[in-house]
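Here is the structure we will look at.
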Amino acid sequence: MIGLTWLVPVLPLAAYIILLASGRRMGEAVAAGISVTAVFVSFLLSIGIVGDVAAHGPAAPTVYPWLQFGSGSAGTITVGYQVTSLNALMLLVVSLVSMLVFLFSRSYMRGDDRFSRFYQYLNLFVFSMLGLVVSPNLLQFYIFWELVGVCSYLLVGFWYFKPEAAAAAKKAFIVTRIGDVGLFIGIILLYLSRGTFDFNTLFGAASAPSGMMIHAAAPLAYAGAKFFSLWYIPFAGWHAGAFVTLVALLVFIGAIGKSAQFPLHVWLPDAMEGPTPVSALIHAATMVAAGVYLVARMFPLFEASATASETVAVIGGFTAILAASIGLTQRDIKRVIAYSTVSQLGYMMLAMGVGAYVSGMFHLVTHAFFKALLFLAAGSVIHALDTQDLFEMGGLRKYLPVTHATFLAGALALSGIPPFAGFWSKDDILTAAFTSGHYVLYAMGLIAAFFTAAYIFRVYFLTFSGVYKGDRHPHEGGPAMTIPLIALGVLATIGGFINTPFAPILGNFLQDQGPIGFNPPANWALMAVSALVGLGGIWLAYTLYRTEEGRAERFAQRAGGLYTLSFNKFYVDELYSLIIVLPVMKIAGIFQFLDRWIIDGIVRLAGEIGYTGGVGVKYSSTGQVQTYGLVTVFGLAVMVLIVIGIGGVI
Amino acid sequence: MADVLLLLILIPALTALLIMALSPKAEGMIRAIGLLGSLVPTAFAIAAYAAFHHGATALQYPFSVRWLAVANAFNMLTLHIQFAFGVDGISMPLVVLVGIVSTLSFLRSFTVTERVKSHYVWMLFLTMGLYGVFAASDLFTFFFFLESTLVSSYFLISIWGGERRHYAATKFLIYRGVASVVLLAGLIGLAYSFAAQAQTASASVVLPNAPNFLTLSIPQLIAEVQLIQLPAAAQNVLFLVFLLAVLIEEAFVPFHTWLPDTHENSDTGTNMMIGGALMKIGLYVLLRFGAELLPLGLQHYATLLAVLGVISILYGALVAIASRDWRRLIAFSSISHMGLVLLAIGSMQAIGIQGAVFMLVSSGLLTALLFFTVGAQADRTRTFTIGDLGGLSKSLPVISGVMLVAALGSVGLPGMSGFISEFSLFVGGFTTFPALSAVGTLGMILAALYLLYAMQRTTFGPVQTLVTEMPDASAVEYVPMVVLVFLVVLIGVYPDVLGNVVHGTAQAIAARIGG
């Protein structure tokens, strides 16, 4: 199966090309059929690949030359594919979730003008993510990383006529682009110091992914030390560790942008302006997971720098609690879930930062299941009600039984209630933080977990219990919508058993080739605390929204400023607008003014003076004769110069 | 096949003469003949590219004819004036670029209805001049064709341009005219300095062109430079002269204000020619004469190049953000992109020089595509003002889609030619100037900002324009869009299609400047 790995991304690409070529003529059923089939086959292949890796271990990369710019292997960029246990796992998760989202979209997008175009973009999106996952080198990784970004741009802005969608798409692209530039520089510096883009040779032999290689090689072939010291940072004189830290942090900036971590988290909540299946895809499988995957893939680099790892952990922990506290007060169902994603990604980064590699990847997997589920369930609700405002919902348990049951499973998983999937992975992360001595981060994670349970059950109670406040007749959206919900519901319920402390199947699979990071030991006390905190959050939501009318409002009033801060997302968007966007626009305006009136003004002034001086250059009302004359003058001048030159008078 | 380069120049010129003989009323025939006159050389250029010998270091497809000899031109030396052509890995891709861009511009010129005959004549002369500039292997030949592009583009701007066309055309003429004079001084200085140096050195070194030391032939000069070097002081002075010419010619800050005015006041076909091909001459000069013949000068002023490059990157991008007219935005965007090339040449690395050629080709294709799509929408909406547009995706899905592709390509999206160009440029840049290059990467963010912001207001959002029922792309309009998108994606997906040709020459140049 490993030999067929290239097919996994190529199948959705083929579907993309078919849909692109046939344009609008293709019927909805055909477009959806081709796409779902392509991804389904990719999924089956991924199962085979995971089986192969489990049985025989990872394979060496298969590469082809792509661009030559120097001599030898350092001067040749290659492309190809590679299978390790890490990316086999990613292939499986991405293709599985994508397949279910593809199926769901069949109903959700029914009747849209550009139905086939939608599937076209979805295919490209999934192709890019799968291509990213199988990349054997950093440059190819970056190429697909950018493609993932542009697909999200196209899909978030799919309803291009909505000004909010157009703005959100642009914001997503530009904010992630800021992160991408960090990664871009990081890749170049790594290449210049190590002479390769290949993951294997960057860190040493494939069989022993270890931080040692980077330590040893870091005193660097890289010496830009040729010219004036003003213009280069003399890396050559740097302590190797400082250079490794710099590169690791640059790479991490890329992950911050893609995985929507503070301070670049602002694009993700706005990105929900796209159709809901797109949100499910972005939040669960094809976009934000890429940042965490990057940190996992580059794990030896982060292991080699304590400073970089600590930064990852702190950013993760802070993002987890910040986003969770914003999620508590939002009115839009998708916005709550979007902040939830930001927060959960924070947990994954926290795990990576404290060195718990397996825990972070485990949470990525379970989160993909329950977050895709929550988004699709929300999509089902929006499809039925045509509103996203939580306060116009209620009582849907009666009308949408399947959506209700599956959403509940997803909410329990997210809240970390045993035995649902999220409990195992989140507890793993918290235990890792605690046992590695990061007590403050542990506490932050715990508080965030409390908030998490509270906000998601706030959504649950406002949506599904009580009485329906609208005037439509909501109903389920048909099997194409309910089948993915049920499948994800099952995964969100039992998916955690792939890596319990008693049977760490996933951990063994990922560490097939030797231990990576550290594995937190089972700790009953911490487990109990996690579960209780989750239950506490649910209890809070229950008392506020289910016991007494108006209690939540009074509670919000008593919270006062804190409520306002949370409701307004801590004014981060406003702050950025004030300190970044406005100044850039202002500076651009000033430059434009300078350009028109100062630089070009001097030019025009010189022209006017020349005219009054009798040279015969007046621009605006020149007649044909004059300008023809001017051409001749120039021609003459040139001829004269040539003659002088040839005559050797110079 | 050997004289293919001569054909590239003769066919457009002869076609122009043929059209001159036709009645101005025979517009259909003029258009057909004109298109053919640009299509045939393009086919030859592509064939030459396909048959290009990758490994060879000598100039390929050489052709030369002596024109006149000036006896005792300098120190008893005879000067032979000749027309000579030949291409290497740097000029070959640019010759093909000229072919593709010119043919597509001719298609676009089908929409020109005023003074059709003279329009086609000047377009053909411009095409000839551009081929000549990039195919020349002799200083005189090069300069001759450079001057011819100046005259033909001047008339194209001043007759078929927009409201302020005379102003723009005169400005174009003055700036580029001054650049030509400076360049001429540089070329003459170069030839004479080499002659003097060769005469002195001939006592101890056997030179390939002995005893004909006064030569204008570029391959002879390149052969000489590997045996004797001009004194550093002479190289520095000459390099500065060339640099000044290049800064004006290529519209680098602060000598750039003619370019936005030119683009704002030219018709779309002319803009495609200028933005797609003519605006690559300046940096080609820097590579050809600066990097190849004055290695010490380049080394001496490398930092200056990088600084000027970064200034142009940021300045161009910032003004582009505030531009209200699409054509001005594209002009500033290309100023910003050319700044990257300057930075890369300053890096003196093989990968940077290869990236420079990639960027010239890529930016040529993408600029032509941007001008074409922007012009196509303006045919329908009657405006280039970004703020007056909006929601074009609704009525013009194809044109809007291609415009988005062009914009994303210019932003440097992987899968298209811009990415691999930017990446190579920056690898070169970071090798030599890490801190400056880091500042330069801000341009990548700003490019996304101005292009996507403009796209948001053009194709996205609610419909703004008064005209709502518009026909989407016609069959003739599909051709340039399909061809350019195809090439941009081809280079993006399989860059070796270009890299194979550029690689050897880039290596050779870098080796000489010590990169």
Side-chain angles (χ1 to χ4, degrees), chain A residues 65-71 139 142-144 146-147 150 157 160-161 163 166-167 169-170 173-174 177-178 181 184-185 188-189 191-192 224 226-228 231-233 235 584-585 587-589 591-592 595 599-600 603 617 619-620 622 627 630-631 634-635 637-638 641-642 645-648 650, chain B residues 70 73-74 79 147 151 154 158 166-167 169-171 173 177 180-181 184 188 192 254 257 302-303 306 315 318-319 321-323 350-351 354 391 393-394 408 413-415 419-420 424 426-427 430-436 438 441 444-445 448-449 452-453 456 459-462 495-496 499 503:
Chain A
W66 188 61
L67 176 66
Q68 202 185 358
F69 60 81
S71 49
L139 186 64
Y142 183 80
I143 288 173
F144 284 106
E146 287 281 283
L147 284 180
V150 85
Y160 60 86
F161 41 84
K170 183 196 65 179
F173 192 91
I174 291 172
R177 181 89 175 167
I178 295 172
V181 168
F184 184 85
I185 300 175
I188 291 180
L189 292 187
Y191 169 74
L192 292 176
K226 284 180 192 153
F227 301 95
F228 305 106
W231 303 115
Y232 70 91
I233 306 169
F235 293 124
V584 168
M585 290 299 176
I587 293 170
F591 270 63
Q592 151 95 349
D595 198 69
I599 298 187
D600 199 41
V603 173
V617 187
Y619 308 126
S620 47
T622 310
T627 39
L630 194 68
V631 180
F634 259 111
V638 167
L641 271 169
I642 292 175
I646 292 169
I650 285 184
Chain B
V70 184
F74 173 76
L79 178 66
E147 288 306 280
V151 176
Y154 167 77
S158 71
H166 294 299
Y167 169 71
T170 310
K171 204 165 175 176
L173 187 68
S180 287
V181 174
L184 181 67
I188 293 169
Y192 281 75
T257 58
T303 309
Y315 187 95
L318 281 168
V319 181
I321 292 176
S323 295
I351 188 168
Q354 180 165 335
S393 284
K394 185 130 199 102
L408 289 172
L413 182 76
F419 168 73
I420 190 65
S424 317
F426 272 118
V427 171
F430 270 96
T431 311
T432 314
F433 304 106
L436 267 178
T441 55
M444 294 170 64
I445 300 172
L449 191 60
L452 295 190
Y453 186 41
Q456 182 193 350
T459 62
F460 289 83
D496 249 357
H503 175 237

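There is no contact between Ala169(A) and chain B, counting heavy-atom distances below 4.5 Å. Residue contact with chain B, scored on non-hydrogen atoms closer than 4.5 Å, involves the backbone and the side chain of Leu67(A) alike. Looking at Leu408(B), the atoms closer than 4.5 Å to chain A (heavy atoms on both sides) all sit in the side chain, from C-beta outward. Within the 4.5 angstrom heavy-atom criterion, atoms from both the backbone and the side chain of Ile445(B) approach chain A. With a 4.5 angstrom heavy-atom cutoff, Phe161(A) touches chain B via backbone and side-chain atoms both. At a 4.5 Å heavy-atom cutoff, the contact between Phe184(A) and chain B is made by side-chain atoms alone.
Nearest heavy atoms, Gln592(A) versus Ala322(B): CB-CB, 3.6 Å. Across every non-hydrogen atom of Val319(B) and Phe591(A), the tightest pair is CG2-CB, 3.9 Å.
Remark: Leu436(B) CG to Thr303(B) OG1 distance equals 8.0 Å, nearest 0.5 Å.
A donor-acceptor pair is defined here as one N or O able to donate and one able to accept, closer than 3.5 Å; no such pair exists between the side chain of Ser158(B) and the backbone of Ala169(B).
In this structure, the salt bridge (Lys or Arg N to Asp or Glu O under 4.0 Å) partners of Asp600(A), at least two apart in sequence or on a different chain, are Arg604(A), Lys171(B).
Proximity of Glu146(A) to Val150(A): side-chain heavy atoms (C-beta onward) are nowhere separated by under 4.5 Å.
Chain A forms more heavy-atom pairs under 4.5 Å with one residue of Gly499(B), Gly415(B), Pro462(B) than with any other, namely Pro462(B). Interface summary for chain A: among Tyr315(B), Phe419(B), Tyr453(B), the most heavy-atom pairs under 4.5 angstrom belong to Tyr315(B).
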